[in-house]
Amino acid sequence: ISAIAIALLTLLGATGEALGYDRLLKANTVKHRTHSLFRQGLLLYEWLARMPDRYFEPLIQAFAENLASSAGMAPVFALKAK
């Protein structure tokens, strides 16, 4: 379960970074990555409950797309119709 949580948080961090949300998580004078993708995912996860819709909706949409297209994660969460 821990490995799945780490993978999901890392994927959330990568999604947030792709959307440019990493600029909200670091000092504005720094141009390089200051937090790992895992740490960014953790910070974004903590922020989800109070995140404004203008950030929440694109993040969740992109995260769902990344999760579906991730070769390693898609089988873990795939639901089979009976």
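Quick note: numbers below take in every heavy atom, side chains included, and nothing from hydrogens, waters or symmetry partners.
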Subject >> Sub-4.5 Å side-chain heavy-atom contact between Met51 and Leu44 >> reply: yes

Subject >> Gap separating the CD1 atom of Ile60 from the CG atom of Leu48, nearest 0.5 angstrom >> reply: 5.0 Å

Subject >> Close side-chain approach of Leu67 to Thr15, heavy-atom, < 4.5 Å >> reply: no

Original post:
Trp47 versus Pro52: any side-chain heavy-atom pair under 4.5 Å?
Top reply: yes

Subject >> Residues forming a ring-ring contact (aromatic ring centres under 6.0 Å, His included) with Tyr21, sequence neighbours excluded >> reply: Tyr55

**OP:** State, yes or no, whether a side-chain contact exists between Thr34 and Asp22 at a heavy-atom distance under 4.5 Å.
**Re:** no

Original post:
Which heavy-atom pair separates His35 from Gln40 by the least distance, and what is that distance?
Top reply: O-NE2, 3.1 Å

**OP:** Measure the shortest side-chain to side-chain distance between Leu37 and Leu12 over non-hydrogen atoms and say whether it is less than 4.5 angstrom.
**Re:** no

Original post:
side-chain contact (heavy atoms from CB on, under 4.5 Å) with Leu9: which residues, sequence neighbours excluded?
Top reply: Phe38, Leu42, Tyr45

**OP:** Supply the atom-to-atom distance Ser70 OG to Glu65 CD, rounded to the nearest 0.5 angstrom.
**Re:** 13.5 Å

Original post:
Residues two or more places apart in sequence or in another chain: which of them pass side chain to side chain donor-acceptor pair (under 3.5 Å) with Glu57?
Top reply: none

